[in-house]
Structures are given as structure tokens and as C-alpha cells.
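Quick note: residue numbers are just sequence positions, from 1.
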Amino acid sequence: TQFVISDIPSFLLCGVAILCFDGLRSRRAHSPSFRLFLSAAFLTATVSTVLLRSAGVAPCAALVAWAISDWWYRDSQGSGLRRIVVVAAIAGLAGFSGWIAWTKHSEVKEYEGQQRNSYASQLTARDPHRPELGTASTSDFIRRVATNIPLQASAIAVLASRADYIVPTWYSPLAVMVLGLLASGIVASLFGTRRSLLPWYFLANFALFCLWQFDDGRRFMLPVAPLAFALMWEGVIVSARWLQTRPVATLGAILGIGVS
């Protein structure tokens with residue numbers, strides 16, 4: 001209550017957007033006026049999330065990914081929902097682009113030769129603290145992602161266990177367990193019968209912060225922590241099912257991961 005950061009309000013708006021999305025996907029939304037209200041609320045929440053927090057661009061990317069996958073599988077009731085989703089994603093991305101362009105145009109340098117501090121320049125720099133190193137290469141991005149994956153997994157483990165600290169390395173048992181359960185839950189959610197927006201939303205956020213240069217600990221994962229817990233629980237269900245149906249292969253995979 002003393003210092004309200006943008007993560008919690010953006011979490012609220014993302015939740016509103018997801019609820020409106022589920023309402024539009026539900027068969028109960030037959031009334032045209034109710035669908036219009038849900039569409040307006042969905043569009044407003046999506047754009048507001050981007051304007052409130054730059055990381056809100058991740059839900060827009062998730063909407064694009066969902067629309068492409070829904071078009072591929074032909075799952076929704078017609079193309080009406082896909083059109084609403086695409087419009088919301090385009091509006092959110094346009095708001096994000098406008099914000100980035102405005103900050104770039106309005107930046108005031110405190111001294112001559114000061115490097116730009118935009119998010120785009122920080123993301124593409126090899127090292128933001130050493131701008132003379134230039135732009136990051138493909139191998140730099142790969143190394144950055146490989147370093148950040150266990151770091152973000154450890155942040156989720158900290159939020160789940162309420163521990164003070166968990167070692168953010170690839171050989172941390174808790175980090176590996178979180179990644180394994182998340183992977184199982186995401187695969188089951190993406191290729192199951194439901195094919196909801198939620199795994200795309202989590203993947204977009206996780207990928208964004210795996211590409212980001214800086215780490216603020218558990219703060220980055222806080223807005224998607226409840227979703228991470230739900231996906232991990234889905235992973236527990238899938239793992240239990242695999243242990244029942246394919247015990248040898250599942251135990252062998254667990255043993256292989258543990259040895260490596």
C-alpha cells in the first residue's frame with residue numbers, strides 16, 4: 001500500500017481481458033448487446049495493459065499466437081472471435097509502438113554522448129552497461145535465453161514455495177522440477193481439446209523475460225504466477241497419467257534428466 005508498482009494493476013487488467021475472452025468464447029454469450037459489451041471490455045483491457053506496463057506487449061503476442069493456432073485447428077465458433085482477438089492485438093501493438101516512438105522522440109539527454117535508454121536499445125544491446133560492445137548477435141540472444149530460463153523458473157519456485165532464495169541454475173532440482181511440470185502442462189494445454197489462451201499468455205511472458213537483459217527477481221513472474229501454478233498442476237496430472245500408462249518410459253526420462 002506504500003508503493004504500487006505496475007505489475008499488480010497489469011495483472012488485474014490481464015485477468016479482466018482473459019475473463020472477457022472466455023465469455024466471448026462461451027456459448028452463453030448469445031445476446032448481441034452482451035457480446036458487444038464483452039468485446040469493448042476485452043479491447044479496453046488489452047490496450048490498457050500495454051499502456052500501463054510495457055511488458056503488456058506479451059499478451060498481445062499471445063493473442064496473435066492463439067488466433068493463428070485457432071485458424072489452423074478451426075476450433076472456434078466461426079471467425080468472429082478471431083477477428084475480435086486480432087483487432088485487440090493490433091490495437092495493443094499500435095499503442096505499444098506509439099508509446100515507444102513518443103518516448104524516443106521526447107527523450108532528453110542529460111549530457112552529450114549519452115546512450116539511448118529505450119527498451120528497444122536495451123533489449124538489442126550486447127551489454128547495456130557497455131554500449132561500446134554494439135548490438136547483440138544471435139549467439140548472444142541464445143546465451144541470454146539459456147541463462148534466464150532457470151532464473152525465471154527459480155523465481156516461480158520462490159513464489160510457489162515462499163522460500164527466500166532458490167539457486168537460479170540449470171542443476172537446481174527445484175528449478176528443473178518447475179520447468180518439467182511447466183513443459184508438461186503447456187504441451188497438454190496447447191495440444192489438448194481445450195486449446196485455451198492461457199498457455200500462450202504464459203509462454204509470451206516467459207519468453208519476453210528470458211530475452212530481457214535485467215532481472216528484478218520474482219517481480220517479473222508475479223503477474224503470471226497463478227497461471228504458472230495452474231500449468232504446473234496440469235503437469236502433475238499429465239505426469240501421473242504417464243506414470244500409470246507408460247511407467248518405464250516416464251521413469252527413464254526422469255532418471256535421464258536427473259543424471260544430466
Measure the shortest side-chain to side-chain distance between [X] and [Y] over non-hydrogen atoms and say whether it is less than 4.5 angstrom.
{"X": "S154", "Y": "Y165", "answer": "no"}
{"X": "R82", "Y": "I68", "answer": "no"}
{"X": "P226", "Y": "F11", "answer": "yes"}
{"X": "S189", "Y": "E234", "answer": "yes"}
{"X": "L203", "Y": "I186", "answer": "yes"}
{"X": "P59", "Y": "T46", "answer": "no"}
{"X": "L182", "Y": "F202", "answer": "yes"}

For D7 and S10, which I'm curious about, is there any donor-acceptor pair between the side chains at under 3.5 Å? no
Mind checking whether [X] and [Y] sit in one hydrophobic cluster, side chains of I, L, V, M, F, W, Y counted as touching below 4.5 Å?
{"X": "F220", "Y": "I149", "answer": "yes"}
{"X": "M232", "Y": "F206", "answer": "yes"}
{"X": "Y171", "Y": "V158", "answer": "no"}
{"X": "L43", "Y": "W99", "answer": "no"}
{"X": "I166", "Y": "M221", "answer": "no"}

With a cut-off of 6.0 Å (strictly less than), are more than 12 heavy atoms of other residues, nucleotides or ligands near CH2 of W233? no
In this structure, are over 12 heavy atoms from other groups packed under 6.0 Å from W212 atom CH2? yes
Any ion pair linking D22 and R25 (charged N to carboxylate O, less than 4.0 Å)? no
Assert yes or no for the condition that the ring centre distance of W66 to Y201 is strictly below 6.0 Å. no
